[in-house]
Colleague: 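Have a look at this one.
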Amino acid sequence: MILGVALVRPSPVLVAVRDGAPEWPVSRAAARAAARACVAVDLGDVPTAAVAAIRVGGPCPEALRPRVGSGTATIVRGGHSLTGRVLAPLDTEAVRRFAATCGLTDFAVTATGSPMLADHELAVAAIIAAEVPRARITLSYEFGHPGLREREEATIRNAALGPETGRIADEAARELPGVPVFFARSGGGLVSAHYFRRYPLACDLGGTASLARGRAVLPGVPGEVAAAYGAAIGRPEAQVERIVQARGRAELDRVLQDARDEALTRVVSAGALPGSARIAETTVNPLSYLPDGLYRVRVTAEGTMP
């Protein structure tokens with residue numbers, strides 16, 4: 001039996017799925033005997049943490065500084081062009097000073113050019129980890145957006161969601177001891193609790209996506225039940241987005257294979273059986289407004305449950 005859970009107010013809705021058919025209500029004992037639980041939740045209204053944002057790049061007008069709400073932000077020298085050229089050496093001392101004095105543990109790091117070359121973001125993460133041992137760090141290159149502002153806002157949002165999604169995952173583990181728990185992705189599919197903790201942004205609209213999937217299969221069923229059912233019928237899925245540079249078909253094939261390998265690794269981290277992981281979709285779009293040979297690559301991988 002697979003347990004679908006819609007985290008809605010005033011209380012969660014539980015649906016048991018046996019051979020594709022939904023059953024509800026579900027007793028506490030039956031829920032704790034499930035083979036796995038699939039949780040649908042929207043994160044739009046959950047409490048968010050104050051974030052320490054570090055942008056690696058050049059100076060900018062005050063209106064274009066990182067937007068962090070109640071958190072704090074700094075801009076330090078460094079970064080790369082989208083062709084991988086170093087724009088300036090990384091100001092490691094400024095990073096160290098900010099990390100040591102900001103008083104926060106949730107960090108969002110965004111460097112110019114990082115979708116092409118993430119070296120400066122990785123170096124900043126290492127400095128933060130040394131200065132703040134309990135830090136939770138989100139790096140923007142993992143989100144792949146070519147635009148700095150879009151990528152930075154996604155990174156800050158992911159970091160801000162971290163503590164609350166950790167609490168949600170902890171609560172699910174307490175309520176369902178011994179039951180593997182998965183969470184619904186915004187664009188469809190499921191991820192493991194470990195993946196949910198690290199990349200909560202991937203599940204920002206998990207409840208909405210599950211509701212749409214459930215209603216497509218169960219027309220006329222109450223919406224909350226449809227959301228729980230929609231989560232239960234999902235499968236592990238992960239996505240990788242990158243900006244890559246390739247001069248010629250052979251080099252493009254090589255970088256595409258690297259992206260596919262990363263997507264397969266991610267979907268296993270998201271809970272898929274290693275032998276079941278496969279590439280579901282690959283899109284390659286040339287960035288025509290930038291130098292020749294730059295492409296935006298998106299790879300989606302999926303797999304089956306253990």
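Reckoned from all heavy atoms, side chains included, excluding hydrogens, waters and symmetry mates. Predicted, not measured: the structure shown is a model, and the values here were computed from it.
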Colleague: Check whether the side chains of S114 and R151 place a donor and an acceptor atom closer than 3.5 Å, and report yes or no.
Modeller: yes
Colleague: In terms of hydrophobic clusters joined by side-chain contacts under 4.5 Å, are V244 and L117 together?
Modeller: no
Colleague: Tell me whether E251 contacts the main-chain N or O of R247 through its side chain, where contact means a donor paired with an acceptor under 3.5 Å.
Modeller: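 Yes, E251 side chain to R247 backbone: donor-acceptor pair under 3.5 Å.
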Colleague: Using salt bridge (Lys or Arg N to Asp or Glu O under 4.0 Å), reason through R260 and D253 one step at a time and then give a plain yes or no.
Modeller: CA-CA 10 Å; R260 292 185 182 111; D253 287 343; over 6 Å; no
Colleague: Is there a continuous path of hydrophobic side-chain contacts, each under 4.5 Å between heavy atoms, that joins V181 to L14?
Modeller: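 Yes; L14 is reachable from V181 via cluster members.
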Colleague: Is there a chain of hydrophobic side chains (I, L, V, M, F, W, Y, each step under 4.5 Å between heavy atoms) that links M305 to I2?
Modeller: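 In one cluster with M305: I2, no.
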Colleague: Which pair of non-hydrogen atoms, one from A277 and one from V268, has the smallest distance, and what is that distance?
Modeller: CB-CG2, 4.2 Å
Colleague: Taking the side chain as C-beta and beyond, is there a heavy-atom pair between V51 and L104 under 4.5 Å?
Modeller: no
Colleague: With rounding to the nearest 0.5 Å, note down the distance linking CZ in R213 to CD1 in I233.
Modeller: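 If we round to the nearest 0.5 Å, R213:CZ and I233:CD1 are 6.0 Å apart.
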Colleague: Can you pull the ring-ring contact (aromatic ring centres under 6.0 Å, His included) pairs that have at least one residue in residues 147-193, sequence neighbours excluded?
Modeller: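 Pairs touching residues 147-193 that pass the test: F183-F196.
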Colleague: Side chains of T155 and V109: closer than 4.5 Å at any heavy-atom pair?
Modeller: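 A side-chain contact is absent here, since even the closest heavy-atom pair is not under 4.5 Å.
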Colleague: If you compare all heavy atoms of F143 against all heavy atoms of E241, which two are closest, and at what distance to 0.1 Å?
Modeller: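 Between these two residues, the closest heavy atoms are O-CB, 3.8 Å.
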Colleague: Between CZ of R185 and CG of L201, what distance do you get to the nearest 0.5 Å?
Modeller: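 These two atoms lie 10.0 Å from each other.
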Colleague: Heavy-atom distance under 4.5 Å between the side chains of M116 and T83, does that happen here?
Modeller: no
Colleague: Among V13, L211, V17, which residue satisfies the side chain to side chain contact (heavy atoms under 4.5 Å, CB included) criterion with Y229?
Modeller: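 Among the candidates, only V17 passes.
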Colleague: Does any non-hydrogen side-chain atom of V255 lie less than 4.5 Å from one of V297?
Modeller: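 No. Closest side-chain heavy atoms not under 4.5 Å.
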Colleague: Donor-acceptor check, side chain of R242 to backbone of Y141, threshold 3.5 angstrom: yes or no?
Modeller: yes
Colleague: Show the nearest heavy-atom pair for residues R157 and L43, with the distance to one decimal.
Modeller: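 Shortest heavy-atom separation between R157 and L43 comes out as NH2-O, 3.2 Å.
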Colleague: Can you confirm whether the side chains of D42 and T208 place a donor and an acceptor under 3.5 Å from each other?
Modeller: yes
Colleague: Judged by modelled atom types alone, do Q257 and D261 share a side-chain donor-acceptor pair under 3.5 Å?
Modeller: yes
Colleague: Show your reasoning for whether side chain to side chain contact (heavy atoms under 4.5 Å, CB included) applies to R85 and L87.
Modeller: CA-CA 6 Å; R85 178 175 58 87; L87 298 176; 3.7 Å; yes
Colleague: Given N158, which partner from the list D204, T138, D106 fulfils the side-chain hydrogen bond (donor to acceptor under 3.5 Å, both in side chains) test?
Modeller: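 That would be T138; it is the only one of D204, T138, D106 passing the side-chain hydrogen bond (donor to acceptor under 3.5 Å, both in side chains) with N158.
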Colleague: So how far is it from R266 CZ to R198 CZ, rounded to the nearest 0.5 Å?
Modeller: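 R266 CZ to R198 CZ: 7.5 Å, rounded to 0.5 Å.
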Colleague: Taking V267 as the starting point, is it possible to reach L273 by hopping between hydrophobic residues whose side chains are less than 4.5 Å apart?
Modeller: no
Colleague: Atom CD in E131, atom CZ in R97: separation rounded to 0.5 Å?
Modeller: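 The distance works out to 11.0 Å.
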Colleague: Hey, does the side chain of S192 reach the backbone of S269 with a donor-acceptor pair shorter than 3.5 angstrom?
Modeller: yes
Colleague: Check whether any side-chain heavy atom of I156 sits under 4.5 Å from a side-chain heavy atom of R67, and report yes or no.
Modeller: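 Heavy-atom side-chain distance check fails, nothing below 4.5 Å.
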Colleague: Do other residues, nucleotides or ligands put more than 12 heavy atoms under 6.0 Å from the CZ atom of R149?
Modeller: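 Yes - once you tally the heavy atoms of other residues, nucleotides and ligands closer than 6.0 Å, there are more than 12.
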Colleague: With heavy-atom distances below 4.5 Å as the criterion, would you say the side chains of P66 and I54 are in contact?
Modeller: no
Colleague: In Å, rounded to the nearest 0.5 Å, how long is the span from OG1 of T92 to NE2 of H120?
Modeller: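 The distance works out to 10.0 Å.
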Colleague: Show your working on side chain to side chain contact (heavy atoms under 4.5 Å, CB included) between R197 and D170 and close with a plain yes or no.
Modeller: CA-CA 10 Å; R197 291 174 188 271; D170 288 343; 2.5 Å; yes
Colleague: Determine yes or no for a side-chain-to-main-chain donor-acceptor pair under 3.5 angstrom, with S186 supplying the side chain and L205 the backbone.
Modeller: yes
Colleague: With rounding to the nearest 0.5 angstrom, report the CG to CZ distance, D91 to R77.
Modeller: 4.5 Å
Colleague: A side-chain contact here means heavy atoms from C-beta on lying under 4.5 Å apart; do T48 and E164 qualify?
Modeller: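 In short, these two side chains do not touch, never coming nearer than 4.5 Å.
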Colleague: When you look at D258 and R254, which way does the salt bridge (Lys or Arg N to Asp or Glu O under 4.0 Å) test go after all the steps?
Modeller: CA-CA 6 Å; D258 290 343; R254 180 182 59 79; 3.7 Å; yes
Colleague: Side chains of I279 and L264: closer than 4.5 Å at any heavy-atom pair?
Modeller: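 Answer yes - side chains close enough.
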Colleague: Any idea which heavy atoms bring E142 and Y199 closest together, and the distance?
Modeller: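 Distance-wise, the nearest heavy atoms are OE2-OH, 2.6 Å.
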Colleague: Quick one: side chains of residues 24-39, donor-acceptor pairs under 3.5 Å with protein atoms, not counting sequence neighbours, listed by atom name and distance.
Modeller:
from: S27; atom 1: OG; to: A30; atom 2: N; distance (Å): 3.1
from: R28; atom 1: NH2; to: E175; atom 2: OE1; distance (Å): 3.3
from: R32; atom 1: NE; to: E175; atom 2: O; distance (Å): 2.9
from: R32; atom 1: NH2; to: E175; atom 2: O; distance (Å): 3.4

Colleague: S140 and side-chain hydrogen bond (donor to acceptor under 3.5 Å, both in side chains): which partner among R55, E153, E121, E152?
Modeller: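 Checked R55, E153, E121, E152 against S140; only one passes side-chain hydrogen bond (donor to acceptor under 3.5 Å, both in side chains): E121.
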Colleague: Where is the tightest heavy-atom contact between A209 and G188, given as atom of each residue plus distance?
Modeller: CB-N, 4.3 Å
Colleague: Without swapping roles, check the side chain of R296 against the backbone of L287 for a donor-acceptor pair under 3.5 Å.
Modeller: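 Here the side-chain-to-backbone pair does not exist.
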Colleague: For residues F107 and V76: do they belong to one hydrophobic cluster (side chain heavy atoms under 4.5 Å, members Ile, Leu, Val, Met, Phe, Trp, Tyr)?
Modeller: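 F107 clusters together with V76.
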Colleague: Looking only at heavy atoms, what is the nearest atom pair of R174 and P177, with distance?
Modeller: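 Closest pair (atom of R174, atom of P177, distance): O-CD, 3.4 Å.
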Colleague: Walk me through whether E23 and M1 qualify under side chain to side chain contact (heavy atoms under 4.5 Å, CB included).
Modeller: CA-CA 10 Å; E23 304 172 7; M1 183 267 284; over 6 Å; no
